[in-house]
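Taking it in order: structure first as structure tokens, then the write-up.
These figures come from a predicted structure and were not determined experimentally.
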Amino acid sequence: MARSPDTPGTRRTGRHPVDDMLPPGKLAIYGFQHVLAFYAGAVIVPILLASAIGLNEQQLIHLINADLFTCGIASILQSVGFWKVGVRLPLLQGVTFTAVSPMIAIGLAAGGGTEGLLVIYGSVIVAGLVMLLIAPYFGRLVKYFPPVVTGSVITIIGIALLPVGAQDVVGGGSSPDPTNGKYLAYALGTLALIVIIQRIFRGFMATIAVLVGLVVGTLVAWALGDANFASVGGSAWVGVTTPFYFGLPKFSVAAIISMTVVMLITAVETTGDVFATGEIVDKKIGKDDIARALRADGLATTLGGVLNSFPYTCFAENVGLVRLTRIKSRYVVAAAGVFMIVLGLLPKAGAIVAAIPHPVLGGAALAMFATVAVVGVQTLSRVDFNDHRNIVIVATSLGLAMLVTAQPNIAKAVPQWAQIILGSGITLGSLAAIGLNIVFHHIGRSRGAAVAGTPGHGEIRLSEVNQMSKDEFVAAFGQLFQGPTWAVENAYARRPFSDTQALRRAFQDALFGATADQQRDLMRHYPALGSEAVADGRTGEMSARDQSTVGLTRLADEDHDAFEALTAEYERKFGYPLIVCVRDMHSRDEVLHQGETRVHNSPAQEHAAALIEIAKIASHRFDDLVAGANPIHAARLQRYENLT
């Protein structure tokens, strides 16, 4: 593998840039930059949890300090490592957002306050140990966490957390006031500032937009008399978090199951972060690296439960910072870990954070939680929704999660032991997504998505496509293109197809990968726009469907003459008919205008344009095949066509 250019500020050595030790000054500066990018995300979890389960301000201060202290240890474990623990990459550890809602549900189900906190810590300790034990085998479990599961879970997390942010917007605590205009002004002002910073700035400033929003919002509230820093003066300068500060942990089976699911989900996220960081620093990642990273997650999580903190995972924000700065040394993250340990020993720093007004925190929380939901949507964009099973998985898990989120008291309808699971939209939605994925994709014979045919009358599924002979494949998909079948035959050679989109891409690659002579021969077989042959059905059902979109199969004499003159001129110049994906047009005039423009193109440009139009036509025809076999997909397509 080619070596990357030297990391800025490093000496040229024979070592990988990841292992370079920077000069102390630069190590401190770059390490502190990581802390700044990370700080807001680090403290938000204890703040949200404390507010939700009814902890007082002094308890919150201790949680913040314990969190920062343990974050530092966890980051050093991951970046420096020992034995088989720690991936030894510039990966900074922080408390996972995935755990917020389940921990709140666990805490409230146990009565809230410190009693709830003790049950949370019991589940965190056990879940960390489980991750520590299964880390070497996690690779075998990854198949149970495809994008349809992880995307559903991440989307659910973001949406389910929004009510928590909304509660802070209206004042938080036990006495919210939705009618208070000042609260709304603080929240919207903080949110607006975060958006403005993201819009105007790039790079480092953009990464700390949330932190800046919190600081500025708090200062404005303080200037207007709505922020109280009295607890800062009463806090000690130095304080050490002690194991089991709030009492010995308590263990609940339901809570442990819930937290173990959280750890499995975060393990998938950690795996992605490790691969992303390996790509950034130009270092190959193997299964042993993943196992070491997950062991560090598990050990740090167990340590978090002992030291009054929470589950840990790699922070994606800092992965982006590594890419941005090109500072690849893992010792920079270790230096950031040292800074966090120091901050964790300063109760006054925790007291300052604890004094952030609820509405200011709520404005920032809305931005962060909604961003989590967007990440989930991005993950779901990789899902093959032509397979109706994936629609069922996402819809059911999201629906169950929103049911519990919108009606939290519904948990009271089940026994006490089940209330922790049913009391958390994230936990219930996650379990539903995981379980349904296993039922639909791993139990029994998985036939794959229907890609052609009619339901109950010879539909063709993806698994059957992968087993077809070439003649059967051409018979099923030959109508995607006019005339010769070489494009379909070339696509057949790309089997097996992992999903419907892979099948679609195979046809596209076959078309654009052909010789120029093959492509021109294919172009000559497409019928002229508005011709009588299309209207009479002599060129096939697909051609008639293509051109009927804007009424080219029922032209008046005047319109027919206009199209005939244009297509004749075009064919005289280029040697093949004018090819336009009519389904992308809104009117006959638009089709004519495009043809009149293209007739003046060079032959090379028009060759490329015609190929693109053929690809578009084939894509629409492919959608027709999928829609005919999948009524859910057909309904979605029809709804879209009605809207447009």
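- Minimum heavy-atom separation, Tyr576 to Pro603: OH-O, 4.4 Å.
- For the residue pair Ala99 and Pro311, the shortest heavy atom distance occurs at CB-CG, 3.9 Å.
- By the side chain to side chain contact (heavy atoms under 4.5 Å, CB included) test, Leu398 pairs with Ile156, Ile159, Met402, sequence neighbours left out.
- Counting only residues at least two apart or in different chains, ring pair (Phe, Tyr, Trp, His ring centres under 6.0 Å) contacts with residues 587-609 are absent.
- Residues Met263 and Val130 have side chains not in contact (no heavy-atom distance under 4.5 Å, counting atoms from C-beta outward).
- The closest donor-acceptor contact from the side chain of Gln594 to the backbone of Val591 lies at 3.5 Å or more, if one exists at all.
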Residues His441, Asn390; criterion side-chain contact (heavy atoms from CB on, under 4.5 Å); working and verdict: CA-CA 9 Å; His441 292 294; Asn390 290 332; 2.9 Å; yes
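- Distance check: Leu480 CG to Phe622 CZ gives 7.5 Å after rounding to the nearest 0.5 Å.
- Between the side chain of Gln547 and the backbone N or O of Val582, no donor-acceptor pair lies under 3.5 Å.
- In this model, no donor atom of one side chain and acceptor atom of the other lie less than 3.5 Å apart for Arg88 and Ser79.
- Asn601 pairs by the side chain to side chain contact (heavy atoms under 4.5 Å, CB included) definition with Arg598, Gln605, Glu606, not counting sequence neighbours.
- Pairing each heavy atom of Ser619 with each of Arg504, the nearest pair is OG-NH1, 2.8 Å.
- Within the 3.5 Å criterion, the main-chain N or O of Met468 finds a donor-acceptor partner in the side chain of Tyr492.
- With hydrogens and angles ignored, the 3.5 Å screen pairs no side-chain donor or acceptor of Gln479 with any backbone N or O of Met542.
- Glu569 has no carboxylate O lying under 4.0 Å from a charged side-chain N of Arg572, or vice versa, which leaves the two without a salt bridge.
- When atom types are taken as modelled, the side chain of Glu571 and the backbone of Leu578 share no donor-acceptor pair closer than 3.5 angstrom.
- Remark: the backbone N or O of Glu590 is paired with a side-chain donor or acceptor of Ser587 at under 3.5 angstrom.
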Verdict with reasoning, Gln467 to Arg495, per side-chain contact (heavy atoms from CB on, under 4.5 Å): CA-CA 9 Å; Gln467 297 172 2; Arg495 294 175 311 145; 5.9 Å; no
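- When atom types are taken as modelled, the side chain of Arg330 and the backbone of Leu91 share no donor-acceptor pair closer than 3.5 angstrom.
- Closest heavy-atom contact between Cys314 and Gln78: SG-NE2, 3.9 Å.
- Contact of the Leu503 side chain with the Arg494 side chain is not registered, since no non-hydrogen atoms from C-beta on lie closer than 4.5 Å.
- Interatomic distance, OG1 of Thr396 versus CG of Leu436, reported as 5.5 Å (0.5 Å rounding).
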Which side-chain N or O atoms in residues 505-514 pair as donor and acceptor under 3.5 Å with protein atoms at least two apart or in another chain?
none

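- Taking Thr485 as the reference, Val474, Glu489 meet the side chain to side chain contact (heavy atoms under 4.5 Å, CB included) condition, with sequence neighbours excluded.
- For the residue pair Gln482 and Ser543, a side-chain donor N or O sits within less than 3.5 Å of a side-chain acceptor on the partner.
- In this structure, Glu532 places its CD atom where only 12 or fewer heavy-atom neighbours from other residues, nucleotides or ligands lie under 6.0 Å away.
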Trace of the salt bridge (Lys or Arg N to Asp or Glu O under 4.0 Å) decision for Asp546 with Arg621: CA-CA 8 Å; Asp546 292 336; Arg621 292 180 178 183; 2.7 Å; yes
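- With Asp289 contributing its side chain and Val87 its backbone, the two residues share no donor-acceptor pair below 3.5 Å.
- No side-chain heavy atom of Val534 sits under 4.5 Å from any side-chain heavy atom of Leu552.
- Here the closest heavy-atom approach between residue Leu555 and residue Phe563 is recorded as CD1-CD1, 3.8 Å.
- The main-chain N or O of Val18 is never found under 3.5 Å from a side-chain atom of Lys283 such that the two would form a donor-acceptor pair.
- Counting heavy atoms from C-beta on, the side chains of Val394 and Val383 never come closer than 4.5 Å.
- The closest side-chain heavy-atom distance from Thr539 to Tyr526 is not below 4.5 Å.
- Using a 4.5 Å heavy-atom cutoff, the side chains of Pro577 and Thr567 are not in contact.
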Ile617 vs Ile579, side-chain contact (heavy atoms from CB on, under 4.5 Å): CA-CA, chis, key distance, verdict: CA-CA 9 Å; Ile617 293 169; Ile579 303 170; 3.8 Å; yes
Residue pair Phe481, Trp486: steps toward the side-chain contact (heavy atoms from CB on, under 4.5 Å) verdict: CA-CA 10 Å; Phe481 302 95; Trp486 54 261; over 6 Å; no
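- Note: Asp297 CG to Thr96 OG1 = 9.0 Å, rounded to the nearest 0.5 Å.
- Using a 4.5 Å heavy-atom cutoff, the side chains of Arg583 and Val550 are not in contact.
- Arg538 is not listed as a side-chain neighbour of Pro527, based on a closest heavy-atom distance of 4.5 Å or more.
- Of all heavy-atom pairs between Val488 and Phe477, the closest is CG2-O, 3.6 Å.
- Considering only residues two or more places apart in sequence or on other chains, Ala432 meets the side chain to side chain contact (heavy atoms under 4.5 Å, CB included) condition with Ser397, Leu400.
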